[in-house]
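For reference, the structure discussed in these notes is given below.
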Amino acid sequence: VERIATGLAKSGNKEALYTVVSWPENPEYRKMQKIGNLMVSENTWNLLDDDSTFDEGFKAFTSYLVSDDFRNNLDDFDAWDIAKGLTKILVKRFDKGAEVFKNILQLQPLTNNQQIVIMGAFYDLPDENTNLQLRVFRELIKPTLLPLDSVKTVFSFDQARESLVKFAEKLAKKKCYDEALWLIERLITDDNPDKSGLNTKDDEKGEYNLHQRIIEGDDMMTIQTVRGWCAWALQQFVTVGGQKHLDQVIDYVEILTSDANYYVRLQACVPLTALARNRYSVLPNTKVRFMTDKQVEKTEKLVFQMMFSDE
């Protein structure tokens with residue numbers, strides 16, 4: 001029924017269109033749905049994709065975002081699917097996406113799901129659209145974070161901040177180094193993962209205690225946590241174009257190599273290995289060294305410190 005109604009709406013049937021748009025506001029309808037076929041995760045996407053029904057899809061999407069069902073009842077995992085709606089809006093109509101972003105920010109303190117929608121949408125922006133990524137950074141992310149002493153002041157949910165540093169990695173891959181470093185600077189000392197290495201309140205059994213799993217000898221090469229992702233973002237600077245920022249990159253790598261959490265130290269090996277491997281490289285078609293003698297010396301020092309650390 002949902003698909004038939006949405007199809008009629010897209011073909012210009014006004015009665016069907018108004019019916020579809022009204023669904024997110026109907027609590028009885030929402031009770032009967034699962035995220036797989038929920039109107040906002042399937043039918044609304046269809047409306048947003050079509051220029052003729054975009055405005056109605058936008059209305060349905062924003063209506064759902066302010067509902068208690070989304071804010072407090074929807075599972076965190078399913079909220080990542082909802083974030084794709086905001087991605088669609090930012091791609092198609094940046095002004096409308098910015099409107100959603102700013103309206104959500106006014107609802108502080110933000111629930112986990114609201115944080116997921118914002119940060120999940122940014123991370124899902126198309127890789128090929130660098131201009132859009134930069135616009136999101138300059139017009140939405142930077143003005144929001146600039147006045148804050150800590151990113152966690154607004155984005156308390158760990159996975160939301162993790163998505164932010166994953167966005168920084170995407171920027172670095174596109175050689176948007178200044179923007180990526182600006183974000184890394186604000187996340188390099190984030191408290192995720194826990195610096196004590198102890199189990200957290202949300203994980204009393206320690207099933208996700210990555211520090212302890214490293215001690216027990218588990219192979220933990222999956223990329224997780226805010227500071228863990230910082231390491232992978234820094235790796236993207238060890239390439240032609242990124243050499244101008246290597247002093248700051250090496251300083252950040254040093255912070256990660258001495259992290260109290262062993263999982264972060266493990267991830268720090270990723271950019272450190274890249275630095276060590278390229279320390280005597282030269283720039284293409286030149287005899288100019290990729291790294292200075294001072295940078296090489298500091299890189300080698302960090303390698304030996306990690307190799308012979310008593311911890």
Side-chain angles (χ1 to χ4, degrees), residues 150-152 155 157-173 177 180-239 242-243 245-280 290-291 294-311:
S150 168
V151 177
K152 197 171 182 178
F155 300 103
F157 188 50
D158 292 342
Q159 281 80 1
R161 300 194 310 283
E162 187 176 330
S163 284
L164 186 58
V165 74
K166 288 163 72 175
F167 181 67
E169 189 207 25
K170 292 184 74 167
L171 290 173
K173 284 182 178 179
Y177 296 122
L181 272 179
W182 192 91
L183 287 172
I184 294 170
E185 179 183 4
R186 282 153 180 77
L187 295 163
I188 194 73
T189 57
D190 191 274
D191 62 6
N192 175 251
D194 191 278
K195 295 179 182 180
S196 70
L198 300 176
N199 297 343
T200 63
K201 293 181 180 179
D202 297 333
D203 183 31
E204 294 182 354
K205 295 183 179 180
E207 295 179 12
Y208 302 99
N209 187 331
L210 305 178
H211 174 80
Q212 185 60 37
R213 291 180 66 178
I214 294 295
I215 293 175
E216 294 171 358
D218 287 355
D219 183 6
M220 292 297 300
M221 287 309 295
T222 55
I223 319 172
Q224 302 177 49
T225 77
V226 176
R227 299 198 309 283
W229 268 103
C230 280
W232 285 79
L234 290 169
Q235 180 198 25
Q236 301 302 326
F237 288 80
V238 191
T239 186
Q243 73 273 13
H245 304 275
L246 286 184
D247 284 335
Q248 191 171 3
V249 168
I250 294 172
D251 286 345
Y252 288 156
V253 171
E254 181 178 21
I255 292 173
L256 298 178
T257 58
S258 59
D259 197 288
N261 191 295
Y262 290 173
Y263 172 77
V264 176
R265 290 195 194 187
L266 176 64
Q267 301 310 314
C269 293
V270 174
L272 183 58
T273 298
L275 288 164
R277 185 172 57 246
N278 290 281
R279 68 191 188 281
Y280 293 128
F290 177 69
M291 296 172 64
K294 184 178 179 180
Q295 291 167 350
V296 170
E297 181 181 354
K298 188 167 185 177
T299 297
E300 292 176 344
K301 181 180 178 180
L302 291 176
V303 170
F304 286 113
Q305 282 180 346
M306 289 198 75
M307 289 176 61
F308 296 106
S309 173
D310 294 332
E311 297 185 62

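Residue E254 comes nearest to L302 through the heavy atom pair CG-CD2, 3.6 Å, listed as atom of the first residue, atom of the second, then distance. Of all heavy-atom pairs spanning V226 and V165, the tightest one is O-CG1, 3.7 Å. Residues A172 and F237 share a closest heavy-atom pair of CB-CE1, 3.9 Å. Taking each heavy atom of L246 and M291 in turn, the nearest pair found is CD1-CG, 3.6 Å. In terms of heavy atoms, I184 sits closest to A233 at CD1-CB, 3.8 Å. I223 and G228 get closest at one heavy-atom pair: CG2-O, 4.3 Å.
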Taking it one step at a time, do F155 and L164 satisfy side-chain contact (heavy atoms from CB on, under 4.5 Å)?
CA-CA 10 Å; F155 300 103; L164 186 58; 5.6 Å; no

From CA spacing to verdict: side-chain contact (heavy atoms from CB on, under 4.5 Å), Y252, L256:
CA-CA 7 Å; Y252 288 156; L256 298 178; 5.8 Å; no

Let me see the working for T189 and K195 under side-chain contact (heavy atoms from CB on, under 4.5 Å), right down to the final yes or no.
CA-CA 10 Å; T189 57; K195 295 179 182 180; 4.3 Å; yes

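Atom CD of Q305 has more than 12 neighbouring heavy atoms from other residues, nucleotides or ligands inside a 6.0 Å radius.
Checked by atom type and distance alone, the side chain of R161 never pairs as donor or acceptor with a backbone atom of K152 at under 3.5 Å.
A distance of 13.0 Å separates CD1 of I215 from CZ of R213, quoted to the nearest 0.5 Å. Note that CD of Q295 is 8.5 Å distant from CG of L275, once rounded to the nearest 0.5 Å. Separation of atoms CD (Q159) and CG (N192) is listed at 7.0 Å; rounding is to 0.5 Å. One distance of note links CH2 of W229 with NZ of K166; it measures 5.5 Å at 0.5 Å rounding. Of the inter-residue distances, the one linking D191 atom CG with D158 atom CG reads 6.5 Å to the nearest 0.5 angstrom. Here the NE2-CD1 distance, from H245 to I250, works out to 13.0 Å after rounding to the nearest 0.5 Å.
Ring centers of H211 and Y262: under 6.0 Å apart, within the cut-off.
Residues T273 and Q235 are not in side-chain contact: their nearest non-hydrogen atoms beyond the backbone lie 4.5 Å or more apart.
Applying the salt bridge (charged side-chain N to carboxylate O under 4.0 Å, His left out) test to every pair with at least one member in residues 259-271, sequence neighbours left out, gives these pairs: R227-D259, R265-E311.
Scored by the side-chain hydrogen bond (donor to acceptor under 3.5 Å, both in side chains) test, R186 finds no partners at all (sequence neighbours excluded).
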